[in-house]
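Here's the structure we're looking at; comments come further down.
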Amino acid sequence: MALTSATNLGPATALTCRECGHTRELGPHYACEECFGPLEISYDFGDVTRESIEAGPRNIWRYKGLLPVPSHVEETPNTEPGLTRLVRADHLAETLGLSALWVKDDSGNPTHSFKDRVVAVALAAARELGFKVLACPSTGNLANAVAAAAARAGIRSAVFVPSNLESQKIITTAVYGGTFVTVDGNYDDVNRLASEIAGEQDDWAFVNVNVRPYYAEGSKTLGYEIAEQLGWRLPDQIVVPVASGSQLTKIDKAFQELIKLGLVEDKPYKVFGAQAAGCDPVANAFKQGWDVFRPVKPDTIAKSLAIGNPADGTYVLDVARRTGGAVEDVTDEQVVEGIRLLAATEGIFGETAGGVTVGVLKKLTESGALDPAAETVIINSGDGLKTLDAVAPVVAPTANIAPTLDAFRAAGIA
Ligand SMILES: *Cc1c(COP(=O)(O)O)cnc(C)c1O
Ligand SMILES: [Zn+2]
């Protein structure tokens, strides 16, 4: 696994500790040698302009000059996620009393969740770093994305999920044919096991464990795309679902980078985090005014967000407080209501994480924490077809009739 001098990770220059600032060379490292804090990628960005980005491919590789990936990354075909729709959501806005709302619909990615972004970056870096197997502990969507990307790359995958996962997510992972292990425990148990396995299998890249610094940067592309799709502007406020907290903190990092590079105007924006009440360690810490969250045992239908001990939870608190945002949670009932509201107003069927985000959007609008006059973006991070059980008990056809006009008239639905 030695890094060769030929290693090409684009603009990435080093790994820097988030806690103590200690810097080390790029490589397969994820924890600080000095304090065990998480490592982040440092960069030396070259000449990145709006024009150079717009001339790039219609996927996340248009931002390769801002990511820790080889400069020729797009020449190795894989799943090419990104440039998902930013949908103007006027009906949902009107229902909630907002004046300008967009849904960033990441269910449009190759395996139907935002996880394809982080996996694409992790895979590109893992290949460059010499790993042989693409692996992960997952709450479901990451397993889908890793299994698919590894299949297309022609390498082995090994994914580990809690055994109580939604049946749709089990099937949509198993179909890709990699090594797939269900574990009798919750995500936090699976994550701990993955760290232990990574300690023995040193050519296994657990995308969100031992190559996490590279993986995490993939979420920046959500922030870049939102700004580009708004016409190179930042929104005033954004609502983001929180599992480990990586997506939220990296959207903020992306906005900061765009400001520093002069690609968008420097203006204030507020970042809001969304959790389910049955797994709300970050929302609870925010409301209590704590600097550090207390881990919980998850119990919610929003399984993709069911991380009781989120790796980036503390940094989510920092971003929400620094930007004037908040972290809020909603009950499982409100999650289901959120899924139905998004579907009925905008024709977008989100998974439970989307329901959490719409539910929190509604709750924060009603409480006045969100400014109804400000431009607002929410993330729909996954596809409702993967969490059908959440809505199956509460939706049904309007009527069942015989194939006759009389039956139609008698049903009273005209
Ligand atoms: C993983 C996931 C998230 C949150 O990701 P983190 O970066 O871990 O906070 C949100 N939505 C869906 C659908 C996910 O699968
Ligand atoms: Zn450190």
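Just so you know, these numbers use all the heavy atoms, side chains as well, and skip hydrogens, waters and symmetry mates. Remember, it's 1-based here, ligands and their atoms both numbered in the order they're listed.
At a heavy-atom cutoff of 4.0 Å, ligand 1 is contacted by the side chain of A353 but not by its backbone. Of the heavy atoms in L305, only side-chain atoms (C-beta onward) come closer than 4.0 Å to ligand 1.
Among the atoms of S219, none of the N or O lies under 3.5 angstrom from an N or O of ligand 1. Between S304 and ligand 1, not a single N/O pair is under 3.5 Å apart. Looking at ligand 1, you'll find an N or O of S381 within less than 3.5 Å of one of its N or O atoms. At least one N or O atom of K115, backbone or side chain, sits closer than 3.5 Å to an N or O atom of ligand 1. Polar contact with ligand 1: absent for S113 (N/O pair, distance under 3.5 Å). Here's the thing with F114: none of its N/O atoms is less than 3.5 angstrom from an N/O atom of ligand 1.
Close approach of ligand 1 to G245 is summarised as follows: ligand atoms under 4.0 Å from at least one heavy atom of the residue are 6 (P), 8 (O), 9 (O). Atoms of ligand 1 found under 4.0 Å from any heavy atom of S246, numbered from 1 in the order shown, are 6 (P), 7 (O), 9 (O). Within ligand 1, the atoms closer than 4.0 Å to a non-hydrogen atom of P241 are 10 (C), numbered from 1 in the order shown. Which parts of ligand 1 touch E351 is read off a 4.0 Å heavy-atom cut-off, strictly below it: atoms 13 (C).
Protein heavy atom at the shortest distance from atom 7 (O) of ligand 1 is Q247 N, 2.8 Å. The protein heavy atom nearest to atom 4 (C) of ligand 1 is A243 CB, 3.5 Å. Protein heavy atom closest to atom 8 (O) of ligand 1, with residue, atom name and distance, is S244 OG, 2.6 Å.
Ring planes of Y224 and Y63: tilted class, angle from 30 to 60°.
For the residue pair N144 / T173, a side-chain donor-acceptor distance below 3.5 Å is found, with atom types taken as modelled. Remark: the T84 side chain and the K104 side chain contain an N/O donor-acceptor pair separated by less than 3.5 Å. When only modelled atom types and interatomic distance are considered, D106 and N109 share a side-chain donor-acceptor pair under 3.5 Å. Side-chain contact annotation: S71 with N8, donor-acceptor N/O pair under 3.5 Å present. Counted by atom type alone, D188 and N309 present zero donor-acceptor pairs between their side chains at under 3.5 Å.
Looking at heavy atoms from C-beta onward, L86 lies out of side-chain contact with E225 at the 4.5 angstrom threshold. Using a 4.5 Å heavy-atom cutoff, the side chains of F114 and Q247 are in contact.
Between R50 and E54, none of the side-chain N atoms (NZ, or NE/NH1/NH2) sits under 4.0 Å from a carboxylate O, so this pair counts as no salt bridge. Looking at E351 and K386, no side-chain N of the basic residue comes within less than 4.0 Å of a carboxylate O on the acidic one, giving no salt bridge.
Around the Zn ion (ligand 2), the angle linking C17 (SG) with C20 (SG) is 110°, rounded to 10 degrees.
Contact annotation: C32 places an N, O or S atom under 2.8 Å from the Zn ion (ligand 2).
With rounding to the nearest 0.5 Å, the separation of CG in L98 from CD in E375 is 11.5 Å.
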